[in-house]
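Model, not experiment: these values are computed from the prediction.
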Amino acid sequence: MTAVLGWLRGLFAVALLAGFYVVAFGLLAADTALVGLMLWGMVEFPSRANNWWLALAASIPAASALLYGIATVSRTEEPPPDAVLLRRADAPGLWRLVEDLAGQLRTRPPGRIYLTSEANASVSEDARLLGFAVGERTMYLGVPLLLRLRPMELRAVLCHELGHYAGRHTRFGAIAYRGAASLHSTLFRLRMTARSENALGYAWLFQAAIGAYAWMYLRLSLAVRRRQELEADAEAAAAVGPEVTAQALRAVHALGITWAGFESRFLRPVQRLGFVPEDVFEAFAAMVGDPLVRKRMADLRAHPVEAGRSPLDSHPPLARRLALIEARPATSPRTVVDDEEPLVADPSPVPRVQRKMLGEPWQTATALPWTEWADLAAEAFAIELASFLLDAARDPDLAARPTLATVLGLLERGEQTGLVRRLTDAPHPEEQLTEALYALTGQALAGAGRARWVLSWTQGYLLDCPRDPRGRLDDLVAAAARDRTAVSALRGELVRLGLDIEAPVVLALRTVAAPAGPTTARRSTRSASNLVVEELARQRKVAKVTMGALIVAGVVWGIALIGSDSSQPYQTFPQAYRTAQPTPAFPQYSALPGYTDLLPESSFTPRLPTPVFTDLFSPPPLELYFGFHEVVRGDTLSGLACEYGTTVEDLQELNEMGKRTDLSVGQRLLVPTREQGSGSGAADCR
């Protein structure tokens with residue numbers, strides 16, 4: 001029955017993939033017929049064929065983007081960029097465990113095992129002949145799972161992944177992946193082409209048609225993939241028992257959230273300053289060992305909540321999966337726990353995963369023992385927030401840099417509102433002011449040698465002040481941020497601690513001997529993703545091809561005009577087109593747009609040039625209407641929308657930001673040129 005179901009799913013996947021070809025080549029056929037009609041009219045009725053250039057200039061870029069997207073269907077899935085091949089000699093225990101579990105599930109084991117930096121596991125298969133022939137199998141196992149899961153939980157995870165092989169899910173998945181990747185690539189290129197053409201080309205129409213098919217494709221294919229996840233859960237429950245399987249699912253959920261927080265809140269921000277821990281996974285182990293973090297992970301295991309879940313998620317809701325697993329009757333597990341042995345005999349692949357995860361900047365970063373790195377991280381976070389508050393307190397008429405005394409003076413005069421407005425536009429600004437004042441006060445003490453910063457995995461940083469063992473300073477800072485009458489008490493406490501509030505506040509890292517300079521914002525030098533760079537280069541080539549085609553067709557049109565009836569009115573060849581080259585700096589994009597980008601835009605109305613032979617329209621230039629803005633401190637989305645004559649929603653869509661409004665210094669945003677801005681946001685600026 002499983003084999004029959006696998007074949008049916010394979011046929012279904014092939015049918016979905018074939019449907020994409022039908023839609024794409026149908027659009028190309030219609031476009032080709034329209035261009036042929038226009039060129040025929042240009043030769044047969046040259047004096048009245050005034051719009052031939054419009055059809056030609058609109059068709060070539062759109063058709064090129066569509067054809068290029070179709071070509072990606074044949075590309076196979078590549079391993080993740082941080083994947084490291086785990087040889088049998090490196091981990092004989094892990095290989096033996098995987099093969100034993102595969103035998104119990106009556107399926108062929110993977111031929112390759114890769115370690116990755118994700119707190120996740122997955123499997124794939126290089127399916128041949130559209131998934132109907134056996135291909136090489138590959139398993140991906142995240143180092144956080146390998147190091148942090150209990151042995152039986154790891155067995156449950158491996159059984160779940162091997163269950164995909166047992167159910168022949170990977171053959172369907174390989175075809176579905178190719179189709180989804182092609183749709184992603186095609187829609188991304190059509191969207192960028194449509195924006196570069198504005199209303200001139202057919203890319204908007206192509207995007208609407210492919211987007212509608214993508215909407216159907218994803219919902220049909222994802223329904224099958226979700227069912228496959230439930231079947232793999234059932235295989236794992238039969239192998240190790242429902243209780244262990246549910247525990248493993250809860251543990252992976254909690255570990256994934258904790259790892260994502262470690263990477264985004266601690267590892268990457270400090271890496272941008274030029275410092276990394278010598279052993280990333282040792283630093284993560286220290287975070288997991290923190291009592292407060294352990295309590296939060298226990299809460300996540302007991303009450304797993306999926307925040308921000310997408311309706312196009314490839315997995316069923318976690319609550320549903322747990323309910324189905326825990327509702328299964330308890331059974332004797334098929335697996336037998338042998339005497340524990342090290343799963344990885346040679347630990348060298350783990351550092352290689354770390355180097356690949358950190359990327360090229362790792363080679364120039366300073367590697368520190370994780371304890372020193374943690375102290376540096378705490379100091380860096382405090383310095384950054386303290387510098388924001390000093391910038392907000394700066395008087396533009398004075399050249400001197402403000403001090404802690406300057407900030408306290410503003411608070412004492414009741415200027416909290418203006419200070420907060422200059423400091424942040426985030427929700428709950430009063431809390432932001434309290435936090436910034438705490439960071440500034442603490443950094444003034446740390447710079448004077450009266451205290452030091454220590455890392456808190458849950459709060460970011462804490463002040464260790466030997467002369468304030470009871471933490472009285474925390475309450476005084478919070479009161480001063482709320483009430484101007486409480487500022488004098490804070491002043492008195494700082495004097496008691498021996499601090500000169502008039503002295504400049506040190507805003508440089510003092511934790512390490514190596515000079516680090518200010519921590520606020522080393523500007524990012526990362527370029528756009530390879531996909532964006534490749535697409536912009538492709539568009540420049542297509543623009544040249546389009547220009548050449550227009551010139552050749554113009555010559556043919558001119559020759560036809562010479563031999564036409566001179567009594568018929570005609571217009572001269574339109575003025576030369578110009579192609580603007582984009583700025584060489586690009587905004588950061590993900591490698592592929594998210595699933596939500598595949599949905600057709602509900603407010604879209606395609607504008608299609610009509611093949612008429614009437615008056616000549618003044619052609620807009622064939623430009624790539626892209627501009628790039630590098631974010632500086634004080635920039636907001638609403639301010640940039642006003643500056644470039646657009647709206648916040650357009651900027652969010654243009655830069656794939658979703659509903660987010662937060663910006664980071666050094667970030668490069670894709671913006672319309674000022675000549676191209678709609679001006680719809682200009683009224684809001686006044």
Check your understanding: In chain order, what residues pass the salt bridge (Lys or Arg N to Asp or Glu O under 4.0 Å) check against Glu263, with sequence neighbours excluded?
Key -> Arg268

Review point. If you look at every heavy atom in Met657 and Asp662, which pair is closest and at what distance?
Key: CE-O, 3.9 Å

Review point. How many angstroms lie between CD in Glu229 and CG in Leu318, if you round to the nearest 0.5 Å?
Key: 11.5 Å

**Study point:** Test item: Ile210 and Val23 side chains (from C-beta on) under 4.5 Å apart, heavy atoms
**Key:** yes

Exercise for review: Look at the rings of His164 and His169 and say which category their plane angle falls in: under 30° parallel, 30 to 60° tilted, over 60° perpendicular.
Suggested key: perpendicular

Exercise for review: Taking the side chain as every heavy atom from C-beta outward, state whether Ile257 and His253 have any pair of such atoms under 4.5 Å apart.
Suggested key: yes

Check your understanding: Of the non-hydrogen atoms in Pro80 and Thr116, which two are nearest, and what is the gap between them?
Key -> CG-CG2, 4.3 Å

Point to revise | Minimal non-hydrogen separation, Phe20 against Tyr213, with atom names | key: N-OH, 3.3 Å

Review point. Which heavy atom of Asp31 sits nearest a heavy atom of Ala63, and at what distance?
Key: OD2-CB, 3.9 Å

Revision key, fill the gap. Rounded to the nearest 0.5 angstrom, the NE2-CG distance for His629 and Leu640 is 4.5 Å

Check your understanding: Considering residues at least two apart in sequence or located in another chain, which fulfil the salt bridge (Lys or Arg N to Asp or Glu O under 4.0 Å) criterion with Arg112?
Key -> Asp126, Glu136

Check your understanding: What are the two closest non-hydrogen atoms of Ala209 and Leu27, and how far apart are they?
Key -> CB-CD1, 3.8 Å

Practice item. Walk me through it: do Leu141 and Leu86 pass the test side-chain contact (heavy atoms from CB on, under 4.5 Å)? Key: CA-CA 10 Å; Leu141 181 61; Leu86 190 66; over 6 Å; no

Check your understanding: Can Arg352 and Leu115 be said to form a side-chain contact (heavy atoms from CB on, under 4.5 Å), step by step?
Key -> CA-CA 9 Å; Arg352 294 205 300 272; Leu115 291 183; over 6 Å; no

Check your understanding: So do the side chains of Leu28 and Leu67 get within less than 4.5 Å of each other, counting heavy atoms only?
Key -> yes

Exercise for review: Please tell me if the side chains of Thr107 and Arg168 come closer than 4.5 Å, counting only heavy atoms from C-beta onward.
Suggested key: no

Exercise for review: Apply side-chain contact (heavy atoms from CB on, under 4.5 Å) to Glu125 and Arg108, showing your working.
Suggested key: CA-CA 11 Å; Glu125 185 172 0; Arg108 184 165 54 92; 3.7 Å; yes

Practice item. May I have the step-by-step check of side-chain contact (heavy atoms from CB on, under 4.5 Å) for Arg225 and His315, ending in yes or no? Key: CA-CA 7 Å; Arg225 292 178 64 183; His315 287 60; 5.9 Å; no

Revision key, fill the gap. Heavy atoms of Leu651 and Leu670 approach each other most closely as CD2-O, 4.1 Å

